[in-house]
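What follows is a set of notes on a single structure, which appears directly below.
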Amino acid sequence: MSAKNSVNISFSVNGENFDDVTVPTRQHLADYLRSQGLTGTHLGCEQGACGACTIEMDGVAVRSCLVLASQANGSSITTVEGFDDEVMQKVKNNFLKHNAFQCGFCSPGMLMTTKEIISSKKKLSRDEIRSEISGNYCRCTGYQSIVDAIEETINEIN
Amino acid sequence: MDDIKVNQNPKLGSMDRPNSYIGRSLPRENAKKHLEGGGQFVDDLVLPRMLHVAFLRSPFAHAEIKSINVEEAKKSPGVFDVYTAKEIDEYCTPWVGTLGHLGEMRSPEQTPLAKKIARWQGEPIAVVIANNRAQAEDALELIEVDWEEKDAQVDMETALDDNAVVIHPELGSNLFWTRTVNQGDVNQAFETSHAVVQTTLDFARHTGVTLESRGIVADWNKSEGKITIYHNGQAPHMMQHIIAKHLEVNEGLVRIVSRDVGGSFGIKVHVYPDEMAVAAISKKLGRPIKFIADRLESFTTDIHARCHKISGKLGVDKEGKILAMEINDLSGIGPFSMYPRTSAIETNQVLNLSGAPYVIPNYKAVGTVVFQNKTPMCQYRAVGHPIAVAITEALIDKAANKIDIGLSEIRKKNFIPDNAYPNKTPSGVPLEDLSHEASMDKLLTMMNIQDIEKEKIANLDKNVLCGYGVISMCEVTNPSPLFYGVGGAHISSQDGASIRLEGSGAIHLSSSITEQGQGTEAIMKQIAADQLGVSMDSVRVTLGDTDATPYGGGTWASRGAGIGGEAVLKAARILKDNILDIAAAIMQTDKNSLDVENNTVIRKNGGEGITLQQLAETVYYRGHELPKGTNPELLATASFLIEGIPFVFTNSAMGCKVSIDQDTGIIKIDKFWAVEDCGTQINPKLVEEQIRGGVIQGIGGALFEECVYDDQGNMQNATMADYLVPMAYEMPDIIVDHVTTNSGRSIIGAKGAGEAGTGGAPAVIMNAVNNALKHHGTEVLSQPITPEKILRALGKI
Ligand code: FES
Ligand code: FES
């Protein structure tokens with residue numbers, strides 16, 4: 001790929017600095033992260049429809065298939081590999097307890113969306129939880145166990 | 001989560017003992033990796049010198065390839081080579097999707113890449129091999145094809161007409177397969193019936209939409225003459241045979257590895273032309289080749305399912321007793337029957353399963369399966385069930401309405417009584433250990449139909465209509481060799497398990513059953529630890545590797561727990577027996593005075609035992625200390641297979657309550673209940689999650705999902721934004737309960753539980769919708785039941 005087809009950017013992922021790395025201008029962020037071995041970020045549609053690729057960019061949940069890697073310049077990114085604070089541990093424990101995943105392919109995106117829900121500190125009803133996770137497709141679970149896990153976490157921390 | 005469910009299988013011993021794990025809802029500790037981003041899916045795999053492919057696919061449903069020029073594409077940056085059928089065919093022999101046990105099937109040879117004629121939109125015709133997928137896709141645009149578009153046979157209903165486009169002229173017509181079942185004399189029984197009802201139902205095509213798409217990495221190692229294929233499939237040993245046969249490699253030198261699989265539901269158990277091409281390319285180039293389908297490829301090349309039009313007729317006497325049932329089913333399967341399972345099985349199951357819960361003395365069923373220029377159709381979760389259950393249950397509701405008896409009452413009148421098994425379906429398939437009566441009773445207690453009736457009546461003149469439905473069904477699980485093997489397919493119906501005690505005292509277990517998220521690994525561990533008397537965390541499991549696991553069928557048709565689980569149980573019992581033999585020799589005592597608890601061989605009457613670690617160390621490192629003649633066998637292997645019957649059936653009863661907004665046509669599922677009798681539940685939570693996930697997939701088919709085609713055979717909604725799938729907001733909580741009738745076929749007594757939800761939900765939802773619409777003298781008979789169809793039925797548009 002010729003030079004004009006790539007740019008150099010700097011950003012951090014899960015606290016690790018990526019300084020002055022070269023990325024193809026047309027590459028989306030999910031592909032870039034995956035190419036670096038951060039394969040926890042999954043791709044289900046590459047169209048913004050399934051939510052599997054959801055990550056955190058500067059504190060906001062974004063679909064990494066809809067963000068170009070070059071747009072990440074200067075940002076701080078958290079992926080599923082970096083969800084290890086106390087609250088996310090609680091979330092993960094509840095996901096495990098309620099079997100809120102089967103194949104696990106949707107889990108990274110679902111956990112990210114959950115992170116956002118939980119950080120709002122709102123006490124949500126089951127219907128509201130369902131509405132919040134409605135951008136994340138899961139073919140396996142039927143969602144109920146995911147709602148259970150999120151509901152229990154909300155109850156625990158509030 | 002329920003911590004403990006009572007294990008009602010006396011053959012498994014009391015739950016009131018150490019290391020009793022069967023029957024408990026234990027969390028899947030092994031699956032934690034998915035919450036850390038640590039899953040190992042096929043697209044996560046990177047091998048040295050790996051190349052990537054992209055396929056040029058037919059933009060037309062039916063077209064001739066006059067010429068194809070790949071020269072410009074070969075010059076595109078990063079491109080290694082570009083192949084058409086000519087190059088691939090040298091490395092892969094064609095296949096035919098027919099089997100011999102179900103009467104004549106007619107399907108032509110299929111090759112990885114279409115040669116002269118493309119027969120569905122999405123059929124691969126050329127492949128670019130490049131350094132990365134993006135570069136391969138760039139080059140696709142440079143391939144020049146001179147197409148001559150042909151008329152397409154899109155509509156299955158006209159596929160057998162005289163003026164139909166015959167897709168395979170050498171076959172003379174578009175007929176793939178037909179079957180007739182005739183028990184008794186339906187015509188005479190209809191004549192003597194007090195009431196006869198009829199209906200015709202339509203089921204659109206939908207597809208699996210696994211979140212992880214199909215993927216494969218094929219790695220031909222020239223120096224060993226061995227090919228390793230990392231594949232997100234469901235049946236590694238089947239694939240091993242297929243690859244060996246068509247790449248002409250010694251089967252022993254084919255290794256299939258299925259690591260984590262992101263959902264499968266039957267989608268990933270078939271042989272796909274693009275995947276065969278990838279294997280062939282790897283053999284040709286001696287390099288690892290990766291193919292991961294993108295979402296457009298998933299929609300146009302993953303098998304589709306359903307696509308049926310079925311009409312039915314039911315005759316009842318004055319009391320509501322069924323005298324006769326007749327069905328006629330038409331299904332369209334695309335241009336080829338899928339290999340190696342064939343595309344006849346869905347229709348075959350419709351014929352087998354219709355009317356299955358009931359005593360129906362006269363039964364006639366005709367199934368016709370035709371070719372058409374659409375994506376191939378084949379077995380997807382709950383094969384045939386949604387159609388069979390929906391037609392049966394729709395007819396029963398109609399009969400109940402006609403003679404004015406209750407919806408549960410008419411069913412109870414006609415069930416094969418719980419104490420009348422073994423028995424047979426109306427089509428003659430053997431049934432055993434079922435409980436429709438008890439399951440319906442339990443469902444009715446959960447639902448409280450009187451209250452729903454009250455609400456329904458109160459709403460009759462309101463804008464939001466209320467309706468409900470109840471259904472019963474049989475669910476095909478745990479297939480025997482009579483399913484595929486008898487027809488000549490190399491698809492194992494037995495499964496094996498191998499368990500060993502290691503030097504550290506740990507237990508290693510391997511099984512031919514695979515994991516796609518159902519919890520295979522967890523239940524195998526539970527069975528092994530339970531039967532051996534060891535802690536759960538001392539058991540490690542290997543699945544999905546033909547070089548490392550016993551031979552067997554894999555995971556499909558809900559066979560993991562009932563067949564694979566029984567093999568684990570048997571192997572664990574053999575190993576325990578061996579352990580006790582060795583321990584008795586070491587401890588110089590009678591074997592019967594010993595047992596294993598908490599990883600230790602204990603003396604039942606007290607006194608010091610020895611740990612499994614001590615025992616293993618003695619055997620492995622200090623064998624000279626063993627009394628002479630002690631058998632040092634600490635590896636046990638066992639297999640299991642269902643004999644004598646085609647399947648072990650599970651049964652289910654389901655109910656739901658819906659609201660229909662007359663202004664918008666939107667259906668809301670207010671409540672959904674399911675009662676399942678799958679015999680022993682190894683992990684009740686996982687069983688419930690199978691049912692819930694299954695119900696949601698069934699709701700998808702009933703209300704949302706459809707592969708929409710135009711008249712020319714172009715799929716119109718091949719994106720996740722346009723193809724509607726169930727998302728969390730529209731989905732109800734599903735209340736699940738159980739009746740337990742253990743299968744008498746095995747010690748473990750487990751039957752499958754993965755199909756019922758998907759098989760039954762479409763029927764019960766359709767019945768509930770039509771129950772709500774009845775007051776307006778209208779009904780909707782085609783799935784998905786969209787708001788538009790509701791509004792049309794209500795005369796609003
Ligand atoms: S992969 Fe990004 S939303 Fe589906
Ligand atoms: S667990 Fe498989 S997609 Fe959600």
Side-chain angles (χ1 to χ4, degrees), chain A residues 1-2 24 26-27 31 34-35 37-50 52 79-84 88 91-93 95-108 111 126-127 129-148, chain B residues 1 25 27-29 31-41 43-44 46 77-78 134-135 208-213 260-265 292 294-295 515-519 685-686 688-697 699 719-721 725-734 757:
Chain A
M1 186 160 289
S2 64
R26 65 176 179 175
Q27 188 172 49
D31 266 351
R34 292 181 53 78
S35 75
L38 290 160
T39 52
T41 298
H42 294 158
L43 288 165
C45 69
E46 297 185 84
Q47 227 178 13
C50 75
T79 66
V80 66
E81 288 93 342
F83 292 165
D84 45 15
M88 286 315 283
V91 171
K92 289 194 257 188
N93 289 343
F95 265 58
L96 188 67
K97 176 175 168 191
H98 291 279
N99 202 49
F101 58 103
Q102 289 183 25
C103 76
F105 204 77
C106 67
S107 304
L111 287 170
R126 287 180 75 80
D127 269 354
I129 295 170
R130 283 184 175 277
S131 164
E132 291 287 334
I133 61 169
S134 262
N136 289 75
Y137 173 59
C138 172
R139 189 53 146 182
C140 304
T141 60
Y143 303 107
Q144 186 170 335
S145 56
I146 300 173
V147 177
D148 292 343
Chain B
M1 185 185 339
S25 293
R28 293 190 299 151
E29 296 289 337
K32 262 188 196 156
K33 62 183 175 186
H34 291 304
L35 304 175
E36 309 288 340
Q40 294 281 299
F41 296 92
D43 193 25
D44 302 340
V46 177
Q135 290 175 324
V209 204
T210 54
L211 185 52
E212 182 211 29
S213 62
D260 291 317
V261 177
S264 53
F265 319 113
I292 306 294
D294 65 25
R295 191 49 62 182
E515 169 87 89
Q516 298 98 30
Q518 301 92 328
K685 172 69 178 167
L686 296 182
E688 289 182 3
E689 290 306 304
Q690 277 304 299
I691 292 163
R692 292 202 173 98
V695 165
I696 299 301
Q697 275 181 26
I699 293 174
T719 76
M720 281 196 65
V725 285
M727 300 302 273
Y729 189 61
E730 300 87 31
M731 292 302 112
D733 279 348
I734 295 155

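This structure is a prediction, so every number in the text was calculated from the model and none was measured. Just so we're on the same page: letters track the sequence lines, and every chain starts at 1.
With respect to the salt-bridge test (charged N to carboxylate O, under 4.0 angstrom), the residues B:E730 and A:R130 do not qualify.
Separating the CG atom in A:N99 from the CZ atom in B:R28 is a distance of 4.5 Å, to the nearest 0.5 Å. To the nearest 0.5 Å, the span separating CE on B:M731 from SG on A:C138 amounts to 12.0 Å. Rounding to the nearest 0.5 Å gives a distance of 14.5 Å between NZ of B:K32 and OG of A:S107.
Residues B:Q690 and A:Q102 have side chains in contact (heavy-atom distance under 4.5 Å, counting atoms from C-beta outward). Side-chain contact check for B:P27 versus A:H98: every heavy-atom pair is 4.5 Å or farther apart. Counting only heavy atoms from C-beta outward, the side chains of B:F41 and A:T39 never approach each other to under 4.5 Å. Put simply, the side chain of A:E46 does not reach to within 4.5 Å of the side chain of B:R295, judged on heavy atoms.
For chain B, the nearby part of A:L43 is the backbone; its heavy atoms alone come within less than 4.5 Å. Only the backbone of A:N136 comes within contact range of chain B, with at least one heavy atom under 4.5 Å from a heavy atom of that chain. Contact annotation for A:Q47: only side-chain heavy atoms (C-beta onward) come within less than 4.5 Å of a heavy atom of chain B. Both the backbone and the side chain of A:Y137 come within contact range of chain B, judged by heavy atoms closer than 4.5 Å. Only the side chain of A:Y143 comes within contact range of chain B, with heavy atoms under 4.5 Å apart. With a 4.5 angstrom heavy-atom cutoff, B:I734 touches chain A via backbone and side-chain atoms both.
What you find for B:A134 and A:R26 is that their closest heavy atoms are CB-NH2, 3.3 Å. What you find for B:L35 and A:K92 is that their closest heavy atoms are O-CD, 3.2 Å. Nearest heavy-atom pair, B:A728 versus A:I133, reported as atom, atom and distance to 0.1 Å: CB-CG1, 3.6 Å. Between B:M720 and A:C45, the closest heavy-atom pair is SD-CB, 3.9 Å. What you find for A:C140 and B:G263 is that their closest heavy atoms are SG-CA, 4.3 Å. Closest approach of A:R139 and B:P726 over heavy atoms only: NH1-CD, 3.7 Å.
Comparing B:P732, B:S213, B:S264, B:G519 by heavy-atom pairs within less than 4.5 Å of chain A, the highest count is held by B:P732. Put simply, of B:G757, B:G38, B:G693, B:G694, the one with the most heavy-atom pairs under 4.5 Å next to chain A is B:G693. Counting heavy-atom pairs under 4.5 Å between each of B:P77, B:A721, B:G208 and chain A puts B:G208 at the top. Between chain A and the options B:V261, B:D260, B:V46, B:D43, heavy-atom pairs under 4.5 Å are most frequent for B:D43. Ranked by heavy-atom pairs under 4.5 Å with chain B, the list A:G40, A:A49, A:G44 is led by A:G44.
Here the options are B:V209, B:L211, B:V725, the test is side-chain contact (heavy atoms from CB on, under 4.5 Å), and the partner is A:C50; only B:L211 passes. Among B:R692, B:E688, B:E689, the single residue meeting the side-chain hydrogen bond (donor to acceptor under 3.5 Å, both in side chains) criterion with A:Q144 is B:R692.
Between the side chain of B:E36 and the main chain of A:V80, no donor-acceptor pair closer than 3.5 Å is present. Side-chain atoms of A:S134 come within 3.5 Å of backbone atoms of B:Y729 as a donor-acceptor pair (strictly under, hydrogens ignored).
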